[in-house]
Protein chains: 4
Amino acid sequence: MPIETRDRGLDPRERQGRAPSTAQESPASAYQRVRATSTRYCKPLSTEDFVVQSMPDVSPTKWHLAHTSWFFETFILQKFLKGYRPFCPDYAVLFNSYYNAVGEQFPRPRRGLLSRPTVEEVLRYREYVDRHVLELLESCAGDSSAEMSSLLTLGLHHEQQHQELMLTDIKHVFSCNPLRPVYMERKAESSTAVASLGWTPRAGGLHSIGHDGNGFAYDNETPRHQVFVHPYRLATRLVTNGEYMAFVADDGYARPELWLSDGWAMRQTEEWSAPLYWERRDDRWWYMTLAGMREVDADAPVCHVSYFEADAFARWRGVRLPTEAEWETVAEAVPCEGNFADDEHFHPIPAFESQFQKRNQGATGGSPASDGWPPSSDSEIGSATISRIAQTFGDVWEWTGSPYVAYPGYRPAAGAVGEYNGKFMCQQYVLRGGSCATGRSHIRPTYRNFFPPQARWQFSGIRLAADPD
Amino acid sequence: MPIETRDRGLDPRERQGRAPSTAQESPASAYQRVRATSTRYCKPLSTEDFVVQSMPDVSPTKWHLAHTSWFFETFILQKFLKGYRPFCPDYAVLFNSYYNAVGEQFPRPRRGLLSRPTVEEVLRYREYVDRHVLELLESCAGDSSAEMSSLLTLGLHHEQQHQELMLTDIKHVFSCNPLRPVYMERKAESSTAVASLGWTPRAGGLHSIGHDGNGFAYDNETPRHQVFVHPYRLATRLVTNGEYMAFVADDGYARPELWLSDGWAMRQTEEWSAPLYWERRDDRWWYMTLAGMREVDADAPVCHVSYFEADAFARWRGVRLPTEAEWETVAEAVPCEGNFADDEHFHPIPAFESQFQKRNQGATGGSPASDGWPPSSDSEIGSATISRIAQTFGDVWEWTGSPYVAYPGYRPAAGAVGEYNGKFMCQQYVLRGGSCATGRSHIRPTYRNFFPPQARWQFSGIRLAADPD
Amino acid sequence: MPIETRDRGLDPRERQGRAPSTAQESPASAYQRVRATSTRYCKPLSTEDFVVQSMPDVSPTKWHLAHTSWFFETFILQKFLKGYRPFCPDYAVLFNSYYNAVGEQFPRPRRGLLSRPTVEEVLRYREYVDRHVLELLESCAGDSSAEMSSLLTLGLHHEQQHQELMLTDIKHVFSCNPLRPVYMERKAESSTAVASLGWTPRAGGLHSIGHDGNGFAYDNETPRHQVFVHPYRLATRLVTNGEYMAFVADDGYARPELWLSDGWAMRQTEEWSAPLYWERRDDRWWYMTLAGMREVDADAPVCHVSYFEADAFARWRGVRLPTEAEWETVAEAVPCEGNFADDEHFHPIPAFESQFQKRNQGATGGSPASDGWPPSSDSEIGSATISRIAQTFGDVWEWTGSPYVAYPGYRPAAGAVGEYNGKFMCQQYVLRGGSCATGRSHIRPTYRNFFPPQARWQFSGIRLAADPD
Amino acid sequence: MPIETRDRGLDPRERQGRAPSTAQESPASAYQRVRATSTRYCKPLSTEDFVVQSMPDVSPTKWHLAHTSWFFETFILQKFLKGYRPFCPDYAVLFNSYYNAVGEQFPRPRRGLLSRPTVEEVLRYREYVDRHVLELLESCAGDSSAEMSSLLTLGLHHEQQHQELMLTDIKHVFSCNPLRPVYMERKAESSTAVASLGWTPRAGGLHSIGHDGNGFAYDNETPRHQVFVHPYRLATRLVTNGEYMAFVADDGYARPELWLSDGWAMRQTEEWSAPLYWERRDDRWWYMTLAGMREVDADAPVCHVSYFEADAFARWRGVRLPTEAEWETVAEAVPCEGNFADDEHFHPIPAFESQFQKRNQGATGGSPASDGWPPSSDSEIGSATISRIAQTFGDVWEWTGSPYVAYPGYRPAAGAVGEYNGKFMCQQYVLRGGSCATGRSHIRPTYRNFFPPQARWQFSGIRLAADPD
């Protein structure tokens, strides 16, 4: 959608998401704003909720609060604040996640065994770190080194990632409890007709993807580089629960021919028969949400599916998942708007026809009468139709068919933070676009999230792609 | 030691442990006294400590508090209090431990995943149950049915068992935390020479063991029955840490010929090289205690050893563990005194020569110059020498060489509480005598505790026995 | 040994089983006879059958052949034959089962990975060992040392044990193969009415059990010692498949109240719903036998049940399993006859009324009209009724309710062969009486076999016992 | 295909490997030739060797022989030979590897439990299938359908894949046996100086990779498509054992910063400290080969390394692994020659300077004085230097840094054989070039082999790549 965007004078930095520290905002202010969000997310929790680790992938809330503080203490305060004394020497091991260069780590699967430090002590730790970071920022005034400034920004993005994990992790913790606690009551939604599924044709050719160096990005988004993309079609919205229920009803979980071999093995071992958090009650589907148990909303995007399920669903529909290059070249031309954590839905919401129309005024939408399958044989109309694409950002992370590998010429960041991304480039898949648990200022078109194909506890969903007719 | 005991006018009921509800004490008073102990044990804990389950054998403190209340609610209130409404219907599953006859159980290894109900809610649950039990007792006055009375007493003994588990479980939880939290600072001990090890010879013959029906006993202690005992010798005190360190230093953990086959396999899998909670620091042994990390006290009884270790140690010394009949026939003649939870040491203490002498005035002790090995060739002097036996009750549970099986003619208790003991009569070993975490009024000579041979997190130690020369 | 037995002139040696080496038979002859049985059992096998290990408990046939030879090589030839050179030095590790005192062992669960040595090489190994053993025996003439003589006898009994394992192991191997190979076609049986179940009352009192030192016995059968037995009743025959099918049909495998806690867990994990080798086909039960798949014979003794199943079955019938003392005091008075491996049925056979009558002429049998439940209230008539007891020896090993522990005063055999029995005295149960895969000359009334309670691949079955009315 | 290659008159068919069925060869002749190789590989084996499965990845030789026959029976005979009756109906399940569309499969990890059918029966099965296939081919004469013809060719390539697995699997089986059996004595090698490592610079740009449809290819090699390649350098030969020993000696297995996160976890769990089959003996490295235990040849290519090790080694050298596009564009211009199974070395051999010179006469080689690190700053001289590349085909499969994914526009083959490749496109990496266990006629530049990153039992090695200076 290059034309409209240009017309609207969309600032590229805006397009890539409001950085935690914007030009208008001082580092100290950005720091305080981002850090405050972590504690704000804890408001609905009781002390006991901070302690539990419901599976190795999940960390206790308390651990997230401490680890993000450890990050600033270790990479900023210990390095740049002269005479800084750590709050508690034992935390160096307890709250190191996986940085071998920094030292030993307390084993991840045992984080839930630590009742101490208490929540109160962890909050004191945060205050201690905050006080010293702000002191450091003040002492530097506007004169902080590029390295420190860059690490500070990294620390804030890191904190935002953990904020998302705090939400997905507590959802998992609560889901294991038959009492099904409510994290936050949910806002009512005014339901209207969901947008029908359309297909936007896209021309192929040499494209550039990856971050161009303006503003913050993780090392794994660089360097920007050329990639040859073949012509394709991209679905105009996310797959809905209703569409996914049809897959389930069509025995999708019982037909090995629809599944990758590893996915089928996983499905059998784990006895998957629906997305994570779904339960069958009296012939209807319910799911656990951060607002407690709800009946599944057929219009909302399907969520908490693994790559294996996303891939099987796509195969069932005779199509496929997009590559990350296919996704990114579209996303670059779309406003970085959507249903984010800032909206406090904490759940994906439907792409209603009304919103869709409003956003895409004048664009030729998919025929409302059609459900969009098979992909229609529209002539390729290129980027002019990108305006038809909804839900690109927010709602759910979109599984791509791209394994998470280094971009050509990739170099990990220098120092211990070089362990941030590169060492995970194996057996994981790229997800794009952020979710309803992602902070709006955290996301950008080049952002590469990654999870193993069996992961389901993130807000992960499906956008389809297809080859041209 | 029948004579002295009789001389001292020891009441048989006293000998068998002060029952939670004594003749002098009303049921309501006994109920309140026992229940209060559970909450008293929680005083040193922070809210977070109540949540953690450090291994499947361990339950969160919160769970113990709720489960013991569930026991009264399920077996007493629901049955005997007309119109009683459960505090929360979901608790029926959440806090059922293993009573299949009562219904479903929340899986034991997942108890640590439950942040809710909160500690506060659990305490409210306790108050709710307490209020109704007391109301029920008042309404019955002295006229409660035998069945209700018996179940109430069972419930109090059940609560006492969980009080002990609260202590052993929180010790394990704290031991998993590198911060090594302190449950309770420890009282200073005035150290003097530890008693040397002697051997009391015992004549064989037909003896009766098991509970005779006077006062409370678990079903597994019945019926009292005859058993033929062969002549034997029993060690006059528990094995000390110092003695056990000699076993460790003599490569006891590296010599398969000393171990049972299953024990050797366990030792290798679990990489045991010392008792649970022991750590090597700069050539000295330390251990985790409820008072935090301490250097190992060579004089105190060795503790937190498995049956496999106890058995290997005995084989190394050329002797063996006692059978439960050998143990019980001695214990019946000894005052039920010792280092119990009531003393709030929460750790085994040495059998000092001074105490020993005091207790055994006039008796011929083991020669202080000898360490007691090999068992001396004293002529068999029968029960007259029982006075030499120290540490029979309290300090540590003593592993016997007896597998936990039903006594001849055993019948499980009627109803759901029949699942209390009988169904565990397989692949476990009997331990006797109570520990420093056992309530004084909970123990008696016929008491049969039981754990699998690999269990180490209880206060379990070693008393040796030997065949006659 | 009760009087009536003596009256019938039963030779004690006969009663205790024909020892591999009888008075009439030279050691060399006994050696050749026993060794030949091992190779005779291999006749029906193809070369490939010798290689497979279908679970860690099972050993390849090839391994049994080599290990038994290794036993003679290690404990006899290396010690007593001057200048003996081992056939192949690597075999010292490869074919050592569990003797730590002798050296390293190739890991048991990996025995099936060894294609070499080939069957031919193993047979050459056997011939090499045989030649040297016979040479040694000849050189000693009748003048062999007591130690060598005793080890030779031990080696032959050891070989007989492995002969039984060869049969049970190949049965398991074949059962894993959908082709269901046949080991040996089965002899036809003339079916008549099965004997009804009766109960023999037995008086209690002080009895002696254990081996008295006359003839060969394993160390675990010693010393003979007194034990106090309570009055009881013993079932006159084994439980049949028909009776067990009634348990299955009555949801025996779905009712936790019938099971030990560990047994119930095992049942769920392993998804047991019938004895090992049973399969449901068109509403009928079939089982794998050494003669291939057969429809289950309702009259034959139930077989391939674990202790857990035997115990649950007994509980379902309101009775229990006998203790080993209860079993042995009866077995001492019964001729050591039955369906053994020598008969080459390799399957348990029914206790037909006709045989029963013949064997028990003049005795008062159980009423044919009654199925024997509940145990009848016959007056206690002591050992006079023992003649009513059928199937005491052979057919199936009978699970007792006795954990496998050391007898009072037990001392393991000296030297490396001391690892034979003692180190397994933990978490196993005693089985008595031998099976259809046991050599007739291998069994005796004092023989204590032992397996963990979950073991099912041996020919293990059920005889019931009950307390007096 | 670059110009210089054409200049040298290389026949394209030759370049892509001699297809099992060449133009000159009748289908029947090709069939007989390929099938005979499978049985020829079995010559050195004893019957017992055919049975063993040493890990789930490995299949018994017997199984390979039967499964490849099952492939022809199922996909050709059952479909095209009228009235064909399967040799044995049970084989449909026993020898189906993973084709869900065809029916049930006997569980892969249990293939080693099947002693039956015997080797002799399997060979009869092969003869039966061969007789019928040849009969079918004769009946069709030159008139077989395209579908049948294509399935026949697929079946022969499938058989060649299993021939390679027969070699790698028996190597693994033998390696588990302390006797270390020899599969085939090894030819002597005349050792001379190994070629020094050079770097060939390659220009970037749009290239086409994938199979163009001429001759046989697996579906996963299609469609041929454009890909944008960035400039890079490719190592002129494989990494040697000597170079790898330097990595080991430099603590390469103890430095987490060199490893992918999953790789490091695997290294720790599996306790890797050298490539598979390496053993330390008296300060020197030895390895298991198909010729038995040998001292490691420092000049031969390193082999039996996982992707994780290859990647860690590259990171240690400051470079990386090539992508499959980088590899293929070079391989297309190189003759498809090398050390293949046809040469019966069954082990990788060094790239000796002499051979290297011969092959590359007139080309400017890497300076023999330099070890090639860091990659030299030669000006980019493009494909003219490709002749410097040695060991592209044969010796060892070369790990690429490319996850195994579908090519753009990929469609699985129709029918059940569509399960051949596509369903494994997840969490595996592409390997290229064939190995010393690959048949020469089986390989081609577009050939995509794939294994999980932890796999080590294939002949897998390392070729390095680097970004331009």
Side-chain angles (χ1 to χ4, degrees), chain A residues 42 44-58 60-63 65-66 87-96 103-107 109-123 125 169-183 292-293, chain B residues 42 44-56 58 60-63 65-66 87-96 103-107 109-125 169-183 292-293:
Chain A
C42 297
L45 302 181
S46 68
T47 303
E48 293 85 345
D49 299 331
F50 288 77
V51 180
V52 176
Q53 177 177 40
S54 49
M55 64 169 172
D57 285 338
V58 159
T61 308
K62 197 158 71 82
W63 190 91
L65 292 178
F87 182 73
C88 172
D90 286 324
Y91 291 6
V93 170
L94 278 186
F95 299 123
N96 180 0
E104 292 283 305
Q105 302 113 45
F106 188 78
R110 297 172 68 83
R111 289 177 188 163
L113 307 192
L114 302 175
S115 59
R116 314 287 180 92
T118 62
V119 174
E120 199 187 306
E121 284 162 338
V122 167
L123 292 176
Y125 178 37
D169 287 3
I170 203 68
K171 181 171 181 176
H172 192 266
V173 167
F174 282 0
S175 79
C176 296
N177 193 327
L179 300 174
R180 298 295 150 83
V182 170
Y183 172 75
M293 287 303 291
Chain B
C42 296
L45 302 181
S46 66
T47 304
E48 293 85 344
D49 299 331
F50 288 77
V51 180
V52 175
Q53 178 177 40
S54 50
M55 63 169 175
V58 160
T61 308
K62 196 158 71 80
W63 190 90
L65 292 178
F87 181 75
C88 171
D90 287 324
Y91 291 6
V93 169
L94 278 186
F95 300 122
N96 179 358
E104 293 282 304
Q105 304 113 44
F106 188 75
R110 298 172 68 83
R111 289 176 189 165
L113 307 190
L114 301 175
S115 59
R116 316 287 180 91
T118 63
V119 174
E120 200 187 306
E121 286 162 338
V122 166
L123 292 176
R124 280 213 307 275
Y125 178 38
D169 288 2
I170 203 68
K171 181 172 182 177
H172 192 267
V173 168
F174 282 180
S175 79
C176 296
N177 193 326
L179 300 175
R180 297 294 152 81
V182 169
Y183 172 74
M293 287 302 293

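Reminder, nothing fancy here: chain letters follow the sequence lines and each chain counts from 1.
Chosen from A/T47, A/D49, A/L45, A/V119, the residue pairing most often with chain B at heavy-atom distances under 4.5 Å is A/D49. Ranked by heavy-atom pairs under 4.5 Å with chain B, the list A/V51, A/V173, A/V93 is led by A/V51.
Applying the side-chain hydrogen bond (donor to acceptor under 3.5 Å, both in side chains) criterion to B/Q105, with sequence neighbours excluded, gives B/N100. B/R110 meets the side-chain hydrogen bond (donor to acceptor under 3.5 Å, both in side chains) test with no other residue; sequence neighbours excluded.
For B/L113, the parts lying under 4.5 angstrom from a heavy atom of chain A are both the backbone and the side chain. For chain A, no part of B/F50 is nearby; none of its heavy atoms comes within less than 4.5 Å.
Closest approach of B/V52 to A/S115, counting heavy atoms only: CG2-CB, 3.9 Å. Residues B/S46 and A/T118 come closest through the heavy atom pair OG-CG2, 3.6 Å.
The closest donor-acceptor contact from the side chain of A/D90 to the backbone of B/P178 lies at 3.5 Å or more, if one exists at all. Here the side chain of A/N177 pairs a donor or acceptor atom with the backbone of B/R116 at under 3.5 angstrom. The backbone N or O of B/P117 sits nowhere less than 3.5 Å from a side-chain atom of A/E48 that would complete a donor-acceptor pair.
In this structure the side chain of A/L179 reaches within 4.5 angstrom of the side chain of B/L94, judged on heavy atoms.
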